[in-house]
There are 2 protein chains.
Amino acid sequence: MDRGKLRLRQLEALMAVSDHGSITNAATELGISQPAVSRLLSDLGDSLGFSLFDRKKGQMIPSQEVRFLQPDIRRVLELMRQISDVSQEITKRRAGHIRIACLPGFATNHLPEIVAAFLKERPGVSMTIEPDRPERILEWMIGEQYDFGITDGFAGHPAVESTNLEIRTVCVFPAGHPFNSLDVITPADMATENIIHTRRDSEFFSQLSKAFQTENATFNSLLEIRQFTAACELVCQGTGIAVVSELDAVKYTNQGLDFRPFAPTLPHRLSLVRPITQQPSMVTLEFMELFADSLQSFLIET
Amino acid sequence: MDRGKLRLRQLEALMAVSDHGSITNAATELGISQPAVSRLLSDLGDSLGFSLFDRKKGQMIPSQEVRFLQPDIRRVLELMRQISDVSQEITKRRAGHIRIACLPGFATNHLPEIVAAFLKERPGVSMTIEPDRPERILEWMIGEQYDFGITDGFAGHPAVESTNLEIRTVCVFPAGHPFNSLDVITPADMATENIIHTRRDSEFFSQLSKAFQTENATFNSLLEIRQFTAACELVCQGTGIAVVSELDAVKYTNQGLDFRPFAPTLPHRLSLVRPITQQPSMVTLEFMELFADSLQSFLIET
DNA sequence: GCAAAATATAATATAATGTTATAATAATAT
DNA sequence: ATATTATTATAACATTATATTATATTTTGC
């Protein structure tokens with residue numbers, strides 16, 4: 001009776017006939033010939049072991065048994081259609097989920113625009129963005145908790161693949177400050193100013209202080225912060241001046257902040273990282289590429 | 001890229017490999033050869049347009065994209081299994097839903113035992129039992145609201161198919177009553193008793209009163225009720241005596257009620273009805289048969 | 001680099017799914 | 001009722017999906 005397994009096509013035929021009242025209509029609907037549907041149904045009837053339809057004035061009325069099964073059958077067909085649709089979206093890099101860990105600065109600053117533009121084009125895609133300290137970001141990559149990380153001061157790790165970028169840095173100062181008459185700002189120019197800078201144990205700080213030492217300029221440390229964005233905020237307030245990545249500086253130009261290139265050229269080393277063991281999804285790869293591109297205009301030319 | 005439709009077998013293979021870590025294991029699990037699985041996957045990969053697995057030390061790790069689809073895929077496979085299982089139950093007449101409309105007496109009296117036994121054997125079957133007056137039961141049959149009806153005084157209707165049964169009737173009296181010395185009770189015997197009977201406009205009442213008239217016996221009407229069970233209750237209380245269907249009488253023998261055959265033989269005409277337009281499901285047919293059988297020993301032999 | 005294991009490919013058989021042509025059946029009109 | 005028409009079933013056959021076995025190619029672990 002029922003040795004044959006249920007086949008999807010049979011269920012499709014069943015529902016088409018249920019919904020359109022006749023085998024002929026169902027065949028038209030499915031875009032196949034009438035005998036094809038006829039046979040699908042007779043096969044299904046054989047394997048189910050009960051009659052599928054009762055005839056009533058030329059209408060095919062689903063039997064009680066079929067009506068009992070219909071909700072589940074509809075659900076299966078609907079789900080198959082959905083899987084198919086979502087696959088299409090995925091193929092077009094428009095569906096999936098991306099988990100990003102980034103420096104707190106990026107979570108509020110550059111990243112949101114990129115993310116917004118990316119998601120707008122891809123209705124099925126969702127994201128998790130987790131801002132945290134570089135150490136944690138590294139841990140997350142190693143533990144494969146996140147697909148993509150944006151960090152700095154990355155020293156390399158066997159489980160993490162990284163792309164290292166050198167962002168231009170600039171000296172930022174309040175809009176009315178005399179520095180706005182200069183084209184380039186050097187340590188010597190800054191010798192009389194109060195300086196807001198990153199932590200003393202950061203790589204960027206040691207580069208900066210070395211530049212001052214080389215030129216024998218005084219370094220008036222006023223304030224130690226962790227993030228460039230915080231420095232910019234303080235510079236806006238007139239608290240002091242700072243050397244920060246141009247990426248951060250540009251966001252504050254309409255908030256009473258001005259900036260000029262800093263000489264010598266000091267790179268702000270950013271790292272785009274991902275777990276090496278895990279093959280990234282194609283949406284992730286696309287996002288990583290888009291993000292790297294978005295930084296292109298801020299890179300130090302080599 | 002993706003002209004081919006998704007096939008169920010491909011999804012099965014995908015999940016088997018996901019769950020068992022290798023194509024070889026998946027093949028064993030599915031009970032087919034390794035190359036078969038290999039090709040199902042490669043076909044699926046072609047039609048989906050993204051890679052399905054990453055290799056990691058001989059383990060096949062589902063890609064991000066696949067992991068994204070897995071919940072839906074599992075749901076589809078689970079549903080297919082379920083549909084298949086339920087079909088089996090239906091084939092074995094063990095699943096479905098039966099809607100029964102019956103006289104109120106049956107809802108509490110004979111029907112529950114039958115229903116209980118029937119459902120016990122068929123875990124997937126559910127029922128709706130709606131007790132109501134004969135007029136409503138008829139309406140429900142015509143409107144195809146119910147699959148099966150138990151009624152009386154049914155005069156026939158073009159939209160309703162019926163099986164008519166004649167149930168034996170007996171005279172019921174309180175256990176200690178002098179009637180218990182008699183083998184058969186006649187109208188003459190009852191002439192001095194107060195009688196509880198059905199409505200004057202019922203077919204059964206007219207039969208009963210005609211029997212009294214034929215024998216020139218006095219008919220002392222005490223109380224008019226609708227249901228035989230109500231009459232039995234009152235007889236137990238010593239309110240009077242009655243002629244009721246044996247079916248009802250037997251239920252009260254352990255509640256202080258006794259009964260003897262009534263002569264002449266008066267049939268209680270029951271009708272088992274169903275909508276003629278609607279092909280009954282096979283569980284329904286089976287139940288109808290079982291129910292008819294359960295009445296067999298109460299029928300007037302012909 | 002080599003042996004063992006796992007996977008992919010090729011050639012081919014069988015079952016599923018489609019086709020067209022035609023017979024059988026049910027519904028409707030004369 | 002009988003003829004007409006519409007619908008469904010069946011037969012013969014083509015194509016595609018799914019399996020097989022045999023064999024080549026990778027990958028993994030030492």
Side-chain angles (χ1 to χ4, degrees), chain A residues 1-48 51-63 66 76-77 80 84 276-279, chain B residues 1-48 50-63 66 76-77 80 84 276-277 279:
Chain A
M1 260 296 178
D2 50 20
R3 69 217 114 217
K5 275 185 68 174
L6 292 188
R7 276 165 279 135
L8 209 54
R9 198 58 171 156
Q10 295 175 330
L11 299 184
E12 282 174 6
L14 181 73
M15 293 315 288
V17 174
S18 293
D19 291 346
H20 297 96
S22 83
I23 292 186
T24 309
N25 290 345
T28 312
E29 191 67 22
L30 292 171
I32 61 178
S33 66
Q34 168 267 315
V37 177
S38 192
R39 241 187 28 162
L40 282 171
L41 286 187
S42 96
D43 285 359
L44 180 62
D46 285 354
S47 76
L48 288 184
S51 86
L52 306 178
F53 292 96
D54 310 314
R55 268 177 249 287
K56 198 186 211 170
K57 312 229 175 211
Q59 281 272 104
M60 299 287 267
I61 307 291
S63 71
V66 167
V76 164
L77 299 181
M80 282 300 286
S84 191
I276 206 166
T277 38
Q278 175 176 288
Q279 183 65 22
Chain B
M1 261 295 177
D2 50 20
R3 71 215 112 220
K5 276 186 69 175
L6 293 189
R7 274 165 281 135
L8 210 52
R9 197 58 171 156
Q10 296 175 330
L11 299 184
E12 281 174 6
L14 181 73
M15 294 316 288
V17 175
S18 293
D19 290 347
H20 298 96
S22 82
I23 290 185
T24 310
N25 290 346
T28 311
E29 191 67 23
L30 293 172
I32 59 178
S33 66
Q34 168 267 315
V37 178
S38 191
R39 247 194 21 161
L40 281 171
L41 286 186
S42 99
D43 285 359
L44 180 61
D46 284 354
S47 76
L48 288 183
F50 50 80
S51 86
L52 305 179
F53 292 96
D54 310 315
R55 265 177 253 287
K56 199 184 209 171
K57 314 226 174 215
Q59 281 274 103
M60 300 287 268
I61 307 290
S63 69
V66 167
V76 164
L77 299 181
M80 282 299 286
S84 191
I276 206 165
T277 39
Q279 182 64 23

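A note on names: the letters A, B, ... follow the listed sequences, proteins ahead of strands, and every chain is numbered from 1.
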side-chain contact (heavy atoms from CB on, under 4.5 Å) partners of B:Ser33, counting only residues at least two apart: B:Pro35, B:Ala36

Between atom CG in B:Leu8 and atom P in C:dA16, what is the gap in whole Å? 14 Å

Please give, in whole Å, the distance from C:dA8 P to B:Asp43 CG? 12 Å

For B:Ser38, enumerate each residue passing the side chain to side chain donor-acceptor pair (under 3.5 Å) test, keeping only those at least two apart in sequence or located in another chain. none

Could you please name the partner base of C:dA4, counting Watson-Crick and G-U wobble pairs only when both distances are under 3.5 Å? D:dT27

Quickly work out the A:Asp46 CG to C:dA16 C1' distance and round it to whole Å. 14 Å

In whole angstroms, the gap separating P of D:dT16 from CD1 of A:Ile32 amounts to 15 Å

Once you round it to whole Å, what is the distance between C1' of D:dA19 and CD of B:Glu12? 14 Å

A:Glu12: side chain to side chain donor-acceptor pair (under 3.5 Å) partners, not counting sequence neighbours: A:Arg9, B:Lys5

Applied to residues 27-44 of chain A, the salt bridge (Lys or Arg N to Asp or Glu O under 4.0 Å) test, sequence neighbours excluded, yields none

Can you tell me if A:Ser22 touches the phosphate of D:dA6, counting only side-chain N or O atoms and a distance under 4.0 Å to OP1 or OP2? no

With sequence neighbours left out, what residues match A:Asp19 under side chain to side chain donor-acceptor pair (under 3.5 Å)? A:Arg74

Answer yes or no: does a side-chain N or O of A:Arg9 lie under 4.0 Å from OP1 or OP2 of C:dG18? yes

A:Leu41 to A:Ala13 - nearest heavy-atom pair and separation: CD2-C, 4.2 Å

Give the C-alpha distance, both sets of side-chain angles, the deciding distance and a yes or no for side chain to side chain contact (heavy atoms under 4.5 Å, CB included) between B:Leu77 and B:Leu8. CA-CA 8 Å; B:Leu77 299 181; B:Leu8 210 52; 4.2 Å; yes

Does D:dT21 have OP1 or OP2 sitting under 4.0 Å from an N or O in the side chain of B:Ser33? no

Could you tell me the separation between the CZ atom of B:Phe53 and the C1' atom of C:dT7, rounded to a whole number of Å? 13 Å

In whole Å, I'd like the distance from the CG atom of B:Leu40 to the C1' atom of D:dT20. 13 Å

Here the distance between atom P of C:dA16 and atom CG of A:Leu30, to the nearest Å, is 19 Å

Restricting both atoms to N or O, compile the protein contacts to nucleotides 9-12 of chain D shorter than 3.5 Å, with distance only.
| residue | atom | partner | partner atom | Å |
| --- | --- | --- | --- | --- |
| D:dA9 | OP2 | A:Ser38 | OG | 2.7 |
| D:dA9 | N7 | A:Gln34 | NE2 | 2.9 |
| D:dA9 | N6 | A:Gln34 | OE1 | 3.2 |

